Amino acid sequence: MSLKIYNTLSRKLEEFTPLNPPNVGLYTCGPTVYMYAHIGNLRTYIFEDILKRVLLANNYKVDHVMNITDVGHLTSDADTGEDKLEKEATKENKNAWEIAAFYTAAFQKDLEELNIIPPDIWCKATDHINEQIELVKRLESKGFTYRADDGIYFDTSKLSDYGKLAGLDIEGLKAGIRVEMVAGKKNPTDFALWKFSPVGVKRQMEWDSPWGKGFPGWHIECAAMSMKYLGETFDIHCGGIDHIPVHHTNEIAEAEAATGKPFVRYWLHGEFLELKEGRMGKSEGNAILISTLKEKGFDPLSYRYLVLNTHYRKKIEFDLDSLAAAQTSLNNLKSTIANIQLMADLLTYYPNYRALLKDAANNFEANYGAIVRAFDEACNTDLNMPQALANLNIFLNKYQEKLDFENANEILNVLTKMDAILGLKLLPKVHELIPANLISLLNSRQAKRTEKNWVESDNLRGEIESLGFLVKDTPRGQILEIKGENKNV
Ligand SMILES: [Zn+2]
């Protein structure tokens, strides 16, 4: 089956073919570690995790690199304002390195809570200062740079297709926007490659360079580190849609000007999550964190489930009511699957139970084949997770309608594969919950029912229930389910 993804560069759905199959180079822009990530930020990482899991399900070997921005990201996304880390360090009365270490660990914990597979390589901007200086030197030797008052800048007018990712109207920008603040900056879209430490100021993070003491611009770290680990041309680069007009546009400019080669083959961008009142953020004072959700009694995976219910290229308007609904749906999904697991375990570990059940011809392929393929198709069509989840529900409903315990093990195999993509930890461990005398109680109850001794049969039902299991009398025999309070297994 072929994988199709929407490429921001072509604005089209394209068939994905890697440069060096079965390897896929994947670079995802990481956090600027000066504060906790809020759930809006984390939505992007969930989308990227789904992309990675779908690639893995398609038998690709994914080389995943994520950066940690611990220097150079200024309070405006352009090249003005203070360094976000140094500013926060002053506020928290720590140094910039401590701030970076603290919020990096917090971010990694968030990923773990959301069951996001960590990248193969984490790379910090401050560990790659030489690579960034080398890249700026390369650009300088090709004539793409100039010196302004506060740093070395990239001259965007020298690159004929600058702004292609965002479809930027360069002429319009020239006419419409004043070339701001920085003395010596030539074009509105020009950006800093290396910023000088301000005269008379000792920064906590600064390095020597051929142009003077200072620190790298924000975009150069991603261009330098992605090419170091994945090559000068690689397969996929992702981030939030806010990265399209500036950060990713400038990464492309830096890389392609330096190498003369296409930088990235597929660009994927995730939409925002917002609140009713608009954008979520620290400066807006409305940031919701994973820890906030946990304090309110939510499982972080219910947030993941909520995110998967909207296509990654559509906006989500978040509120706690829809999160509560997501948590309920996720719990229902898990308890349905726990009941399939229970039947599979009963039949595996207690073969005598099979004798209590009536046979039926339930063919796996005839009943489920088309639904399983529809699930894969949805995942492989630009990561259509809402459709994939709908197919998962159809799949489970079919099981319940058929009481199809003969196929329980095969169904669980399929669910394991589906959950390898969804990452919702859907499959519980049930076997340990089954008490030793459960089957003998079912046997006795069957005998009482044959004798039409309904009083004794009901007593036995009560006894089984007290062990945490519900008995359902069905045309196929006594089917067991896990009782409500026993559900979160
Ligand atoms: Zn980046």
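The structure presented is a predicted model; accordingly, all values stated were derived computationally and were not measured. Each ligand, and each atom within it, is numbered from 1 in the order the structure gives.
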Chemist: What N, O or S atom of His247 is found closest to the Zn ion (ligand 1)?
Modeler: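 Result for His247 and the Zn ion (ligand 1): NE2.
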Chemist: Given the ring of Phe215, does Arg203 sit roughly above its face, with NZ or CZ under 6.0 Å from the centre of the six-membered ring and within 45° of the axis?
Modeler: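 Yes.
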Chemist: How wide is the angle at the Zn ion (ligand 1) between SG in Cys29 and SG in Cys222, to the nearest 10°?
Modeler: 130°
Chemist: Using 2.8 Å as a strict upper limit, say whether an N, O or S atom of His219 approaches the Zn ion (ligand 1) that closely.
Modeler: no
Chemist: Classify the ring geometry between Phe395 and Tyr368 as parallel (under 30°), tilted (30 to 60°) or perpendicular (over 60°).
Modeler: perpendicular
Chemist: State plainly whether the residues Glu317 and Lys276 are in salt-bridge range, i.e. N to O under 4.0 Å.
Modeler: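 Result for this pair is yes, salt bridge flagged.
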Chemist: What heavy-atom pair brings Pro18 and Asp235 nearest, and what distance separates the two atoms?
Modeler: CA-OD1, 3.4 Å
